[in-house]
Amino acid sequence: MSNIYKAFENKKAFIAFLTAGDPDFETSVKNFKALAEAGVDLIEIGIPFSDPIAEGPVIQEADIRALGSGMTTDRVFDLLKEVRKDVDIPIVFMTYANPVFHYGADRFFKNASEAGADGIIIPDCPYEERHEFDETAAKYGMDFISMIAPTSEDRIKEIASQAKGFIYVVSSMGVTGVRSEITTDLDTIVKHIREATDVPAAIGFGISTPEQAAKMAGVADGVIVGSALVRIVAEHKENAPDKIKEYVRSMVGAIR
């Protein structure tokens with residue numbers, strides 16, 4: 001069992017995503033530490049990539065800013081090491097298959113684990129092709145996080161039965177981004193997951209308000225927020241840490 005279970009221990013988990021290196025290395029480190037200080041239970045660190053197909057414009061622009069500031073995969077590992085000096089909650093990477101293949105899967109997971117990562121999410125890796133990543137991640141003590149989308153349908157129980165760490169339930173079709181309304185039948189999806197596994201399920205994509213967070217926490221074991229936080233970074237730049245704390249506290253308060 002990895003460190004990830006701690007995020008869900010006796011509580012609803014609030015999971016927060018930010019892009020590493022946005023808007024620059026030093027500010028990004030402060031932003032991740034601000035998340036932990038404000039009560040986040042698990043952090044997703046996005047590795048900036050030039051073709052993030054699952055991301056909407058908010059996170060795409062964050063990737064551009066981060067890459068422009070000189071972020072590389074090695075710099076992301078350095079960033080995590082800095083964050084880990086003060087943060088002990090579970091942390092996972094969010095990235096794509098191409099950067100991992102390009103870096104070398106064994107080398108990637110070895111360095112990610114040594115930097116302090118507990119798991120990884122790869123949105124463009126099909127369930128049927130997860131084995132190379134899954135096995136290499138496990139070799140270095142990291143969980144390969146499964147994603148279940150509204151289109152998973154008949155495969156929900158199969159995916160859930162193999163899940164590790166937590167299950168990322170995609171709330172809506174399309175890319176990441178703030179949504180005014182989430183209409184997917186998430187109750188049924190989570191019910192099918194529960195029939196197959198005790199691994200916690202957290203809902204992401206589109207959640208931005210305390211009201212949405214509270215509603216989703218009533219369905220699942222946790223709530224994932226990314227674009228709304230990335231917007232705060234884009235708007236407030238070096239002053240983002242205080243704004244991040246204010247926002248996170250309102251969200252955590254809503255789900256507890």
Side-chain angles (χ1 to χ4, degrees), residues 14-36 38 40 42-80 82-83 91-100 102-103 117 120-125 145 147 149 168 170-182 202-209 212-213 223-248 250-251:
F14 185 73
I15 300 172
F17 168 96
L18 285 174
T19 301
D22 176 30
D24 56 64
F25 186 97
E26 291 75 17
T27 305
S28 186
V29 170
K30 293 176 183 176
N31 290 341
F32 284 114
K33 290 183 179 182
L35 291 174
V40 164
L42 186 151
I43 292 172
E44 290 180 17
I45 295 181
I47 298 179
F49 180 47
S50 58
D51 187 24
I53 60 172
E55 314 298 358
V58 172
I59 296 177
Q60 286 182 20
E61 289 165 9
D63 281 7
I64 291 168
R65 290 192 296 270
L67 292 169
S69 74
M71 289 304 291
T72 63
T73 302
D74 283 323
R75 286 290 281 161
V76 173
F77 294 150
D78 290 340
L79 183 147
L80 176 53
E82 285 298 312
V83 172
I91 296 177
V92 303
F93 281 129
M94 169 81 87
T95 188
Y96 289 84
N98 186 288
V100 180
H102 182 75
Y103 194 87
I120 189 165
I121 303 165
I122 304 180
D124 64 339
C125 177
I145 308 301
M147 300 185 81
Y168 192 127
V170 178
S171 72
S172 311
M173 295 304 299
V175 296
T176 57
V178 171
R179 288 170 171 79
S180 60
E181 189 177 11
I182 297 170
I203 298 173
F205 277 51
I207 299 166
S208 62
T209 68
Q212 287 174 326
V223 173
I224 305 166
V225 173
S227 294
L229 282 160
V230 175
R231 274 185 174 177
I232 292 173
V233 175
E235 181 177 351
H236 296 283
K237 300 178 176 62
E238 68 273 6
N239 298 316
D242 287 340
K243 297 294 183 180
I244 286 170
K245 290 180 186 178
E246 181 182 332
Y247 175 78
V248 166
S250 72
M251 297 293 275

Is there a side-chain contact between [X] and [Y] (heavy atoms, below 4.5 Å)?
X      : Y      : answer
Ile15  : Ile43  : no
Phe32  : Ile91  : no
Leu229 : Tyr247 : yes
Tyr96  : Asp51  : no
Val76  : Leu80  : no
Val233 : Ile244 : yes

Using residues 234-241 as the side-chain source, report each donor-acceptor pair under 3.5 Å to any protein atom, sequence neighbours left out, with the distance given to one decimal.
residue	atom	partner	partner atom	Å
Lys237	NZ	Ala234	O	3.2

To the closest 0.5 Å, what do you measure between [atom1] ([X]) and [atom2] ([Y])?
X      : Y      : atom1 : atom2 : value
Cys125 : Asn98  : SG    : CG    : 12.5 Å
Phe205 : Ile224 : CZ    : CD1   : 9.0 Å
Ile47  : Phe93  : CD1   : CZ    : 5.0 Å
Glu44  : Leu35  : CD    : CG    : 11.0 Å
Ile145 : Ile120 : CD1   : CD1   : 9.5 Å
Lys30  : Asp24  : NZ    : CG    : 8.5 Å

Contact summary for [X] and [Y], nearest pair of heavy atoms:
X      : Y      : answer
Ile121 : Pro123 : O-CD, 3.7 Å
Phe14  : Val225 : CE1-CG2, 3.7 Å
Glu82  : Lys33  : O-CE, 3.5 Å
Ala213 : Met251 : CB-CE, 3.7 Å

Of all residues at least two apart in sequence or in a different chain, which pass the ring-ring contact (aromatic ring centres under 6.0 Å, His included) check with Phe17? none
Can any side-chain N or O of [X] pair as donor or acceptor with the backbone N or O of [Y] at less than 3.5 Å?
X      : Y      : result
Ser208 : Ala228 : no
Thr19  : Gly46  : no
Asp22  : Arg65  : no
Ser28  : Gly21  : yes

Verify side chain to side chain contact (heavy atoms under 4.5 Å, CB included) between Met71 and Leu79, making sure each step is shown before the conclusion. CA-CA 10 Å; Met71 289 304 291; Leu79 183 147; 4.2 Å; yes
